[in-house]
Amino acid sequence: MKKEVLRIERGTKRMGKSAGIQDFSIQIYRGEICGLLVENNLERKMLIRILSGEERLDYGWVYVLEARTKWEEYPQILENTVRLIDRQERCIPQLKVKENIFVMQKGIPWRKSVKKLCASAGDFFDFLKCPIDPEEVIGNLSPLQRKAVEVIHAYVSGKKLVVLADMDEFFTEETVDTFFQLVLKLKTLGMDFLIVSNNTRVLFRYTEYMYIFTHGRMRHRILKSHYNLEHLYSVMLEDVKLNSICENVLPGENEVLRYDQVETKYGTKLNFSVHEGEIVNYVSEEFESWKMPAAVLEGEEIVKKGNIYIMGKKFSPRMFSDAAQKGIGILEENSHEAAMYLDGSVLDNILMLVSAKIGLNGFSSKYVDSLEKELLSTGEFTREELHQSVFEAAPHTIQKMSYYRWIVFRPKILVCLRPFSSADYTIQKLTCYLIQTAVRQGISVLILSMSFAEASIIGNRILVNRDGTLYETNRENIEKLFR
């Protein structure tokens, strides 16, 4: 039978005037890495504080190492058992790695033991297969390496559970594997981990099971055998009807964009239309062809056969600007690529694209003021966010900027390249809302993706390119084509 390191049952916590945490129930087992995905940022911060013992529950039961704790004692017990590792810097930059790990440890006599432990640090790091030099000064390490030192410090301190929270900004494809090799090694030595993150790549790769917390309650527990994006989307969005906002926006009869037997050098044949107010998904698992509908519009790929029509008129693109002038917006996969002017503000970047449509009048103070008022009236931006540099803007602000550049531009159709590829679920949900906003403004949307999970998130009409043949299906039947 599995043994528990931590269990919380029916935990509640008011947050100001709101109900806040209404049901926080979680079981974390020994020898396994648990994941926790929390949709709301304020709820996530509160849960992290509760787990680390910094915040007391209003109600609930807490078990540590399978023993029920006394209500008045449990925060202190959690503090002694759990180590929180998040964005906050806890290492002393002026000290060496080994000194940060061994110096001032509780229960270790300074004169008798610390020097011996520091002297053996090299062998200890070799045993852990940790590439960090224990003689290195902390100030010379990368942010993620410092977090690795904090994890080792937690192990030496005798902590049973490490909560890794809000560390997505430290994880890159180049560094994440090295960090988790250390985590997995310490796991074999008896340390347990809870990863609080919205990064599905990290959660899917390194956890054995994960909990989903939304709308103040723990909703689901998903085992690793059921990890896939489609299942996660269905769980997260079960109470949200993505198409409900657009249900009154019915596709019109007029064609906005039509590919008429279009062929390229890859042999892919495009033969479909997009109508007014319509959301169409185009999905291909082939790397060479998934982007093809956008590539021919931008002039990146030459049309060997067939024709493209925009609002019934033949279109022969030479470059990206040709498409924009004809009413076609193209949004790249990485939203930061949409920030064409990196030294400008969020408002500047929105303005630059609009000015390409209306000319020099777009730079007049009168128009700038009217555009700012229009953006503020949407409720999506604050004045501070609009005047932030894109370097300083949060990912959510960048994502909103990327879409509102085109929403304000008012193209006939917006072509979105893998808009749901972000590992952060909250960004994915925001993207759904932004696409719906574009449709409500009369903009048709063509979504290009490489997986049926991404293609089944929003919109009912789905075009599937398999082996050069184009099939049309809907959200209910798309999975059949991939069996």
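Keep in mind that the numbers below use all heavy atoms, side chains included, and drop hydrogens, waters and symmetry copies.
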Item to check | Step-by-step side chain to side chain contact (heavy atoms under 4.5 Å, CB included) determination, Phe213 to Arg44 | outcome: CA-CA 9 Å; Phe213 189 94; Arg44 180 169 62 250; over 6 Å; no
Would the distance check show the side chain of [X] and the main-chain N or O of [Y] forming a donor-acceptor pair, the cut-off being under 3.5 Å?
X	Y	result
Asn281	Ile458	yes
Gln441	Ile407	no
Ser444	Gly277	yes
Glu73	Pro75	no
Lys400	Glu380	yes

Mind checking the [atom1]-[atom2] spacing from [X] to [Y]? Nearest 0.5 Å is all I need.
X	Y	atom1	atom2	answer
Asp133	Leu141	CG	CG	9.0 Å
Phe420	Cys432	CZ	SG	4.0 Å
Cys416	Ile447	SG	CD1	6.0 Å
Glu66	Arg7	CD	CZ	8.0 Å
Ile77	Leu6	CD1	CG	11.0 Å
Leu414	Ile435	CG	CD1	7.5 Å

Beyond-backbone contact of [X] with [Y], side-chain heavy atoms, under 4.5 angstrom:
X	Y	answer
Asp192	Lys187	no
Ile195	Leu36	no
Leu375	Val408	yes
Ile138	Arg146	yes
Trp61	Thr69	no
Tyr211	Ile222	no
Leu194	Thr207	no
Met401	Val390	yes

If you measure only the distance, is there a donor-acceptor pair under 3.5 Å linking the side chains of [X] and [Y]?
X	Y	result
Arg83	His153	yes
Thr431	Gln399	yes
Asp177	Gln181	no

Which atoms form the tightest heavy-atom contact between [X] and [Y], and what is the distance?
X	Y	answer
Ile330	Ala294	CD1-O, 4.1 Å
Gln145	Ser142	OE1-N, 2.9 Å
Asp23	Arg10	OD1-CA, 3.6 Å
Leu51	Leu78	O-CD1, 3.9 Å
Ile132	Ala148	CD1-CB, 3.9 Å
Gly329	Pro411	N-CB, 3.8 Å

Item to check | Aromatic ring pairing Tyr74/Trp71, orientation class (parallel under 30°, perpendicular over 60°, tilted between) | outcome: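 Rings of Tyr74 and Trp71: tilted, 30 to 60°.
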Checklist entry - What class does the angle between the rings of Tyr227 and Phe204 fall in, given that below 30° is parallel, 30 to 60° is tilted and above 60° is perpendicular? => result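 Tyr227 and Phe204: parallel rings.
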Next on the checklist: Which residue is it: Ile26, Val163, Val38? I am looking for the one with a side-chain contact (heavy atoms from CB on, under 4.5 Å) to Leu47.
Outcome noted: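 Single pass found, and it is Val38.
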Between [X] and [Y], does any side-chain N to carboxylate O distance fall below 4.0 Å?
X	Y	value
Lys147	Asp86	no
Lys13	Glu43	no
Arg461	Glu278	yes
Lys96	Glu136	no

Checklist entry - Passes side chain to side chain contact (heavy atoms under 4.5 Å, CB included), Ser345 versus Gln388? Steps please. => result CA-CA 5 Å; Ser345 67; Gln388 266 187 324; over 6 Å; no
Checklist entry - Considering residues at least two apart in sequence or located in another chain, which fulfil the ring-ring contact (aromatic ring centres under 6.0 Å, His included) criterion with Tyr404? => result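 If we apply the ring-ring contact (aromatic ring centres under 6.0 Å, His included) test to Tyr404, skipping adjacent residues, the hits are Phe381.
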Item to check | Stepwise side chain to side chain contact (heavy atoms under 4.5 Å, CB included) test for Tyr282 and Asn465 | outcome: CA-CA 8 Å; Tyr282 172 92; Asn465 185 342; 2.8 Å; yes
Checklist entry - Mind checking what makes side chain to side chain donor-acceptor pair (under 3.5 Å) contact with Thr382, not counting sequence neighbours? => result none
Item to check | Residue list, side chain to side chain donor-acceptor pair (under 3.5 Å) with Tyr259, at least two apart or on another chain | outcome: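 Per chain and number, Tyr259 pairs via side chain to side chain donor-acceptor pair (under 3.5 Å) with no residue.
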Checklist entry - Which is it for Lys2 and Glu4 under the salt bridge (Lys or Arg N to Asp or Glu O under 4.0 Å) test, yes or no, and what are the steps along the way? => result CA-CA 7 Å; Lys2 293 182 180 180; Glu4 298 170 343; over 6 Å; no
Checklist entry - What do you reckon, is NZ of Lys45 surrounded by more than 12 foreign heavy atoms closer than 6.0 Å? => result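 12 or below, so no.
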Checklist entry - So with a 6.0 Å cut-off around NZ of Lys159, is the heavy-atom count from everything else above 12? => result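 Yes, because the 6.0 Å sphere around NZ of Lys159 holds more than 12 heavy atoms from other groups.
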Checklist entry - Run the side chain to side chain contact (heavy atoms under 4.5 Å, CB included) check on Ile152 and Phe124 step by step: do they pass? => result CA-CA 10 Å; Ile152 297 173; Phe124 181 53; 3.7 Å; yes
Item to check | Arg205 to Phe180, cation-pi by 6.0 Å centre distance and 45° axis angle | outcome: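 No; the conditions do not both hold, so Arg205 does not lie above the ring face of Phe180.
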